[in-house]
Number of protein chains: 2
Amino acid sequence: MSLPEADAAVVDGVLAALADPTRRRLLDLLSGHGQATASTLAQHVPVSRQAVVKHLVVLDDAGLVEATKVGREVRYTVRPDSLDATARWMTALAADWDRRLARIRRFAEASEISGTDTP
Amino acid sequence: MSLPEADAAVVDGVLAALADPTRRRLLDLLSGHGQATASTLAQHVPVSRQAVVKHLVVLDDAGLVEATKVGREVRYTVRPDSLDATARWMTALAADWDRRLARIRRFAEASEISGTDTP
DNA sequence: TCGATGTGCAACTATGAAGTTGCAACCAAG
DNA sequence: CTTGGTTGCAACTTCATAGTTGCACATCGA
């Protein structure tokens, strides 16, 4: 109803991307440095450069980072748009749950009976 | 840093839990029905009851659902608190990225050095 | 041109998670 | 007590993904 369904794919990708601690760390490093290459990031994370690259591909597919080729190196930057969309989605979802729970609670108090549906 | 670090474990659990589409579907069903058992949920989802139970355990560990034993059945309910906390965390993170990007952009414009696109 | 540094691609391993099946235990109603 | 429905536990399979290594390709500087 009031939940935005248009960016379901975006939300899906962002949630999957944020589920990994290493990727969250990379995003943290990126937001702190403004720009960084995969090689530079690999120095601040206990995995290899190729592992970092794979993570950056996932983050790029989720729209969370942007790759810019500068000479022979690839600079990565954080992109807040899809994160912001997912944050809004989650906030709306939490509000929706609260609404439903409030309604159910009110209904339960009024009708005194607890059997909601399944007999 | 304005980012709340106290609920890092909560955020971690919620993100991991929400990463799975089946778990999101279960949460959707639960928020719609108010209450449901694992057997009931399994009828609305293309997986077995035991798979649903495992998902519910994950959701319970993440603080997203609550289990209540009623007679011989276990009723599950949605719990918005940790979802709300995660939503706030994500909103703060998006705002933080925006802040940093704005600062970097302002700095780049002021110092005139970085040829962003036109060489 | 030559070397050094950085990136891209491919093959491979392995650990964890999602899902299944089977069976035991439990509880309510006949 | 027995029977039907419900949950709980355990072993097992399967598959995605995080990680590795090795090498080829590009690019900058001397």
Side-chain angles (χ1 to χ4, degrees), chain A residues 9 12-30 33-77 113-119, chain B residues 9 12-30 33 35-77 113-115 119:
Chain A
D12 189 84
V14 170
L15 288 177
L18 291 182
D20 189 272
T22 302
R23 279 195 286 269
R24 288 202 300 274
R25 177 92 182 104
L26 289 177
L27 288 173
D28 197 41
L29 288 170
L30 271 184
H33 281 71
Q35 263 188 354
T37 66
S39 303
T40 301
L41 289 171
Q43 295 172 359
H44 298 80
V45 138
V47 296
S48 69
R49 174 185 64 90
Q50 286 79 356
V52 171
V53 171
K54 288 188 182 181
H55 283 306
L56 289 172
V57 168
V58 174
L59 292 172
D60 192 28
D61 289 347
L64 287 171
V65 302
E66 187 177 14
T68 310
K69 198 158 195 171
V70 177
R72 71 177 156 186
E73 58 187 18
V74 179
R75 311 255 177 92
Y76 288 90
T77 320
I113 310 174
S114 63
T116 321
D117 40 13
T118 48
Chain B
D12 188 86
V14 170
L15 288 177
L18 290 183
D20 188 274
T22 303
R23 281 195 285 267
R24 289 202 300 275
R25 177 89 183 105
L26 289 177
L27 288 173
D28 197 41
L29 289 171
L30 271 184
H33 281 71
Q35 263 189 353
T37 66
S39 302
T40 302
L41 288 170
Q43 295 172 358
H44 298 79
V45 139
V47 296
S48 69
R49 175 185 63 90
Q50 285 81 353
V52 170
V53 170
K54 287 188 183 180
H55 284 306
L56 288 172
V57 168
V58 175
L59 292 172
D60 192 27
D61 289 346
L64 288 171
V65 302
E66 187 177 12
T68 309
K69 197 157 193 171
V70 177
R72 70 179 155 182
E73 59 185 20
V74 179
R75 310 251 177 96
Y76 288 90
T77 319
I113 45 176
S114 75

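Values in this document were obtained by computation on a predicted structure and should not be read as measured data. Proteins come first, then strands; the chains are lettered A, B, ... in the order of their sequence lines, and each starts at number 1.
Distance CG (B/D20) to P (C/dG16): 18 Å, rounded to an integer number of Å. Going from atom CZ of A/R72 over to atom C1' of D/dA24 covers 16 Å, rounded to whole Å. To the nearest angstrom, C1' of D/dT27 lies 10 Å from CD of A/E73. To the nearest angstrom, C1' of C/dG16 lies 16 Å from CG of B/D61. Whole-Å rounding puts the B/R49 CZ to C/dG22 C1' distance at 11 Å. The NZ-P distance, from B/K54 to D/dA11, rounds to 12 Å in whole Å. Atom CG of B/L15 and atom C1' of C/dA17 are 17 Å apart (whole Å). Here the C1' atom of nucleotide C/dA11 and the CD atom of A/Q50 are 13 Å apart, to the nearest Å.
Within the structure, every side-chain polar atom (N or O) of A/H55 is placed at least 4.0 Å from both OP1 and OP2 of D/dT17. Using a 4.0 Å cut-off, some side-chain N or O of B/R23 falls inside it from OP1 or OP2 of C/dA18. Residue B/T22 places no side-chain N or O under 4.0 Å from the OP1 or OP2 atom of C/dA17. A sub-4.0 Å separation between OP1 or OP2 of D/dG19 and a side-chain N or O of A/S48 is absent.
At the heavy-atom level, A/R75 lies nowhere under 4.0 Å from the strands shown.
Between B/V74 and A/G71, the one whose closest nucleotide on DNA chain D sits nearer the 5' end is B/V74.
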Exercise for the section: Kindly indicate, with the supporting measurements, whether the criterion side-chain contact (heavy atoms from CB on, under 4.5 Å) is fulfilled by A/L15 and B/L15. Expected result: CA-CA 6 Å; A/L15 288 177; B/L15 288 177; 4.2 Å; yes

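A/H55 places none of its side-chain heavy atoms less than 4.5 Å from the side chain of A/V52. Residues A/L18 and A/R23 are not in side-chain contact: their nearest non-hydrogen atoms beyond the backbone lie 4.5 Å or more apart. Within the 4.5 Å cutoff, no side-chain heavy atoms of A/T37 are placed close to those of A/V74.
Distance check, rounded to the nearest 0.5 Å: CG of A/L41 to CG of A/L56 gives 6.0 Å.
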